[in-house]
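Worksheet for the structure shown next.
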2 protein chains.
Amino acid sequence: MAALTTPRALRTRARILDAALDLFEHQGYDATTVTQVADAAGVTQMTFFRHFPTKDAVLVSDPYDPLIAEAVGAQPRGLPPFERVRRGMLAALATIGPVEDATARRRVALVARLQRDAPALRGAVVAATGATEDAIADRLAADGTPPLDARVAAAACLGAATAALLALPDDGRPLADAVTHALRLLGPPDDATTTGTTAAGRERS
Amino acid sequence: MAALTTPRALRTRARILDAALDLFEHQGYDATTVTQVADAAGVTQMTFFRHFPTKDAVLVSDPYDPLIAEAVGAQPRGLPPFERVRRGMLAALATIGPVEDATARRRVALVARLQRDAPALRGAVVAATGATEDAIADRLAADGTPPLDARVAAAACLGAATAALLALPDDGRPLADAVTHALRLLGPPDDATTTGTTAAGRERS
DNA sequence: ACGGAAATGTGAGTGACTCACATTTGGGCT
DNA sequence: AGCCCAAATGTGAGTCACTCACATTTCCGT
């Protein structure tokens, strides 16, 4: 898949995305065919697939991989890998402004709704976070964490975050709050919740 | 999908499963068509789909849902939900004998291998554990845990377990050991809750 | 404005999955 | 053993996601 970064291509991509979200919202995911989306966007089926590798990709693209991996790497190396991923993700979330949150929220809410009539989407979402999982695991492994441990830690945190997003209540609170809440649930109960604290003993090296 | 519990049906199912595993193993997942599998099993494509709802289902069927949900429910209610799921899964694993472990191991190893040339399988595996996630979350919610918290706890533990199985090393140790190790990684490092030693490898960076 | 690369279209094809309906087969019962 | 009926399987045709090789258009920079 070549870049598709030209102004024209970006416009086309946006049109496809809009058309897809509208159709999915109005008539459901399974009931909407790729050809319908393409037609509504004034485009061919072929062009659709040039912009999105699969039908689900319209819903589950996920640009946050490198940001998170970096934040994880920035956590102190002495921590157990799971704790390191958890704190890294919390730190990364703190840097996401409420601006793009609005559009992301609409996307997430739609996926959460559609998921009921198209359970296959759950798999698609996880498959999409696969890249993020790889990035985190690689980052940890680069610091000496055993690869299997790194992967397990990443998978657990991402699983929790994904579950929180898909089960999102319809209140107006920012997405990051839901994920933060989820990650806190995985932490030690005695942990003072905000930034400064440790309580997870056992430092190494 | 009616039951398909007749002796004859069970034989057919076994033939399809054998044929599928053989073909996947020899020529890869994507390169194997459902029709090939059906032919090799002396059966029609239609019959294949009557026994397995999708092509991936041959690889990722998962009969352990109720067992795990029950074990989770049996853990003390005072614990935080995440800890309750973690201990419940560890308890459930302890009850699985090494007998069926052998066949399960072959299946898991095959999926882990195939996953490299067919990344879509990762999503399929997770989608298959969706039922288990639901069962655990429902069980917790029945005891008063907020639904969202329950789902997050279940997702985190299942994510860790799945990651451990898919990244399984080829040593001869039982599957349960790998999952146990993964779940221990999510616990507090000073934890002595369950018997035995982890020997969590102390690696240097 | 213009040349050329990047984006899009065409047409045909494959494979997973579904449905309505006809046909066979096996196994419980007497 | 042998009938009989339900359960299992087959037939044929169809839909939709996704792919490829190649022709054609569009617009962006110089």
Atom-to-atom span, [atom1] of [X] to [atom2] of [N] - whole angstrom:
X	N	atom1	atom2	value
A:K55	C:dA16	NZ	C1'	14 Å
A:F48	C:dT10	CZ	C1'	19 Å
A:F52	D:dA17	CZ	P	15 Å
B:D39	D:dT9	CG	C1'	14 Å

Give a yes or no on whether the backbone of [Y] and the side-chain of [X] come within a donor-acceptor separation of less than 3.5 Å.
X	Y	answer
A:T162	A:G159	no
B:R113	B:G28	no
B:R122	A:A127	no

Handout entry: DNA chain C-proximal residues of residues 113-121 of chain B, any heavy atom under 4.0 Å
Key =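 Heavy-atom cutoff 4.0 Å gives no residues at all.
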Phosphate contact ([N] OP1 or OP2) by [X] side-chain N/O below 4.0 Å:
X	N	answer
A:H51	C:dT8	yes
A:T47	C:dT8	no
B:T12	D:dT9	yes

Please give me the minimum heavy-atom distance between [X] and [Y], naming the atom from each residue.
X	Y	value
B:A154	B:A137	CB-N, 4.4 Å
B:A128	B:V60	CB-O, 3.3 Å
A:D117	A:D30	O-OD2, 3.6 Å

Practice task
Heavy atoms under 4.0 Å is the rule here; annotate nucleotides 18-30 of chain C 5' to 3' with B where the base is hit, S where only the sugar-phosphate is, and - elsewhere.
Solution key: BBB----BSS---
Practice task
Applying ring pair (Phe, Tyr, Trp, His ring centres under 6.0 Å), name anything that partners A:F82, two or more places apart in sequence or on another chain.
Solution key: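 Ring pair (Phe, Tyr, Trp, His ring centres under 6.0 Å) check on A:F82 returns nothing, list empty.
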Mind checking side chain to side chain donor-acceptor pair (under 3.5 Å) for [X] and listing every partner two or more places apart, or none if nothing turns up?
X	answer
A:D65	A:T132
A:T6	none
B:T33	none

Handout entry: DNA chain D: stems of at least 3 consecutive Watson-Crick or G-U pairs whose donor-acceptor distances fall under 3.5 Å
Key =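 As far as DNA chain D goes, consecutive pairing (with distances under 3.5 Å) yields the stems C:1-30 with D:1-30.
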Exercise for the section: Measure the shortest side-chain to side-chain distance between B:L185 and A:P80 over non-hydrogen atoms and say whether it is less than 4.5 angstrom. Expected result: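 SC-SC contact between B:L185 and A:P80 ruled out.
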Mind listing the side-chain donor-acceptor pairs of residues 7-15 of chain A below 3.5 Å, one per line with the distance, residues two or more places apart or on another chain?
residue : atom : partner : partner atom : Å
A:T12   : OG1  : A:R8    : O            : 3.2
A:R15   : NE   : A:A41   : O            : 3.3
A:R15   : NH2  : A:A41   : O            : 3.0

Exercise for the section: Evaluate whether atom CD of A:E25 has more than 12 neighbouring non-hydrogen atoms of other residues, nucleotides or ligands under 6.0 angstrom away. Expected result: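 It does: A:E25 CD has more than 12 such atoms within range.
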Exercise for the section: Check DNA chain D against residues 19-35 of chain B and give the residues with a non-hydrogen atom under 4.0 Å, in numerical order. Expected result: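 Nothing qualifies; none.
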Problem - Counterpart residues, salt bridge (charged side-chain N to carboxylate O under 4.0 Å, His left out), relative to B:D143 (two or more places apart) - result: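 B:R77, B:R84, B:R139.
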Practice task
Quick one: list whatever passes salt bridge (charged side-chain N to carboxylate O under 4.0 Å, His left out) with B:R151, sequence neighbours left out.
Solution key: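 Partners of B:R151 by the salt bridge (charged side-chain N to carboxylate O under 4.0 Å, His left out) criterion, ordered by chain and then number, come out as B:E133, B:D134.
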Problem - Proximity to the side chain of B:T54 - top-ranked nucleotide from C:dA7, D:dT9, C:dC17 - result: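 My answer, after comparing the listed nucleotides, is C:dC17.
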Please produce a list of atom pairs where a protein N or O lies less than 3.5 Å from an N or O of nucleotides 2-5 of chain C.
none

Practice task
Look up atom CG in B:L59 and atom CD in B:Q115, then write down how far apart they are to the nearest 0.5 Å.
Solution key: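 CD of B:Q115 is found 11.5 Å from CG of B:L59.
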